[in-house]
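The next block holds one structure in the form of structure tokens; read it before the comments.
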2 protein chains.
Amino acid sequence: MAIQMPTELLDGCVLGILSNGDYYGYALTQKVQEDIPISESTMYPVLRRLKKNNFLSTYDEPFQGRNRRYYRITREGRARLNEVTTEWIEFKSQIDKLIAGGD
Amino acid sequence: MAIQMPTELLDGCVLGILSNGDYYGYALTQKVQEDIPISESTMYPVLRRLKKNNFLSTYDEPFQGRNRRYYRITREGRARLNEVTTEWIEFKSQIDKLIAGGD
DNA sequence: ATCAGTACATTGTTATACATAGTACTACTA
DNA sequence: TAGTAGTACTATGTATAACAATGTACTGAT
């Protein structure tokens, strides 16, 4: 019964984290989970979608026999992050207004 | 391509407005549309759901031949509004943190 | 007579967050 | 050395709900 994460914000959060450095999927999921409950089965599709839109690039690195797929934010990704941040600020003020009574 | 309204926030916005006085569906839609784009076909189901959960009560009033169905917030509705407001505050701080880089 | 606005309702679709489950490897431990 | 927990990614299925599109029906203005 918590607030559902809308796509745009999910994208924004992932891009926000990655704007500080590369992460591989599992570690990124852990990182996001520090603040919001999100499952791997949500995260991986999000990452694939962001990559498909050229907001992220990937590279693989073997680690202890397993593979780690790292995600790196692109220039377009940074532009997208700015967009989403702007939308988010707008969104917050609109909801704040309405939820308080909307006068 | 705007941020999708999650159910809980939609509920919160409607309850927020109605915490200031009764509205009928159409006027309420107009009111909310001042701040966020929302269609009637979204609003009416929301109102019915909130009523089903006893967060709203209704009464009909004829006006110039047409009917106006007024919605009034209940005590449970006010309690729900408080809940959602709390969730919203929490949600905002979580997203703010992540979108800024999550450190 | 026509069109815009008011007021509510119904149906269908699409997108997507999430649950569930599976694969496969490592490392700890009893 | 068998068993368990953690790591890392993938695939499938489903339920929900916001929204589009459409319809009905009345009023009032041009």
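Within every chain, numbering begins at 1; the chains are lettered A, B, ... in the order of the sequence lines, protein sequences first and strands thereafter. If you're wondering where the values come from, they're calculated on a predicted model, not measured in any experiment.
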**OP:** Could you tell me from which nucleotide to which nucleotide of DNA chain C, 5' to 3', there is an atom under 4.0 Å from chain A heavy atoms?
**Re:** C:dT16 to C:dA27
**OP:** Looking at every strand, decide which applies to B:Thr7 at a 4.0 Å heavy-atom threshold: base, sugar-phosphate, or nothing.
**Re:** sugar-phosphate
Subject >> Residue mapping more 5' on DNA chain C - nearest nucleotide basis, B:Arg48 or A:Gln4 >> reply: B:Arg48
Subject >> Residue pair A:Glu87 / B:Ala2: nearest heavy atoms and the distance that separates them >> reply: OE1-CA, 3.8 Å
Subject >> Gap between atoms CE and C1', on B:Met5 and D:dT16 respectively (whole Å) >> reply: 16 Å
Original post:
Donor-acceptor pair, A:Gln33 side chain versus A:Ile38 backbone, under 3.5 Å?
Top reply: yes
Original post:
When you measure from the side chain of B:Thr74 to the backbone N and O of B:Asn54, does any donor-acceptor pair fall under 3.5 Å?
Top reply: yes
Original post:
Nearest nucleotide by nearest heavy atom, which residue falls closer to the 5' end of DNA chain D, A:Pro45 or B:Gln64?
Top reply: A:Pro45
**OP:** May I have the distance from A:Leu9 (atom CG) to D:dA18 (atom C1'), rounded to whole angstrom?
**Re:** 15 Å
**OP:** Can you sort out which residues in residues 26-34 of chain A have a heavy atom within less than 4.0 Å of DNA chain D? Ascending by number, please.
**Re:** A:Tyr26
Original post:
Picking from B:Leu9, B:Ile17, B:Leu10, what satisfies side-chain contact (heavy atoms from CB on, under 4.5 Å) with A:Leu98?
Top reply: B:Ile17
Original post:
Which residue, B:Tyr23, B:Tyr71, B:Tyr70, forms the ring pair (Phe, Tyr, Trp, His ring centres under 6.0 Å) with B:Tyr59?
Top reply: B:Tyr70
**OP:** Please work out if A:Thr42 contacts a base, only the sugar-phosphate, or nothing of the nucleic acid, heavy-atom cut-off 4.0 Å.
**Re:** base
**OP:** Taking the side chain as every heavy atom from C-beta outward, state whether A:Val84 and B:Ile3 have any pair of such atoms under 4.5 Å apart.
**Re:** no
Original post:
Taking the side chain as C-beta and beyond, is there a heavy-atom pair between B:Asp11 and B:Arg49 under 4.5 Å?
Top reply: yes
Subject >> Rounded interatomic separation in angstrom, taking OH from A:Tyr23 and C1' from D:dC9 >> reply: 19 Å
**OP:** Let me know, please, whether A:Phe63 or A:Leu10 comes out on the 5' side of the other along DNA chain C by nearest nucleotide.
**Re:** A:Leu10
Subject >> Heavy-atom closest contact (A:Asp60 atom, A:Arg69 atom, distance) >> reply: OD1-NE, 2.9 Å
Subject >> Candidate pair A:Leu81 and B:Ile99, rule side-chain contact (heavy atoms from CB on, under 4.5 Å), full reasoning >> reply: CA-CA 8 Å; A:Leu81 175 56; B:Ile99 218 167; 4.1 Å; yes
Original post:
Backbone N or O of B:Arg68 within a donor-acceptor pair of the B:Glu61 side chain at under 3.5 Å?
Top reply: no
**OP:** Check DNA chain D against residues 66-74 of chain B and give the residues with a non-hydrogen atom under 4.0 Å, in numerical order.
**Re:** B:Arg66
Original post:
Do B:Ile73 and B:Arg80 touch side chain to side chain, with heavy atoms closer than 4.5 Å?
Top reply: no
Subject >> Separation of D:dC9 C1' from A:Tyr24 OH (nearest whole Å) >> reply: 12 Å
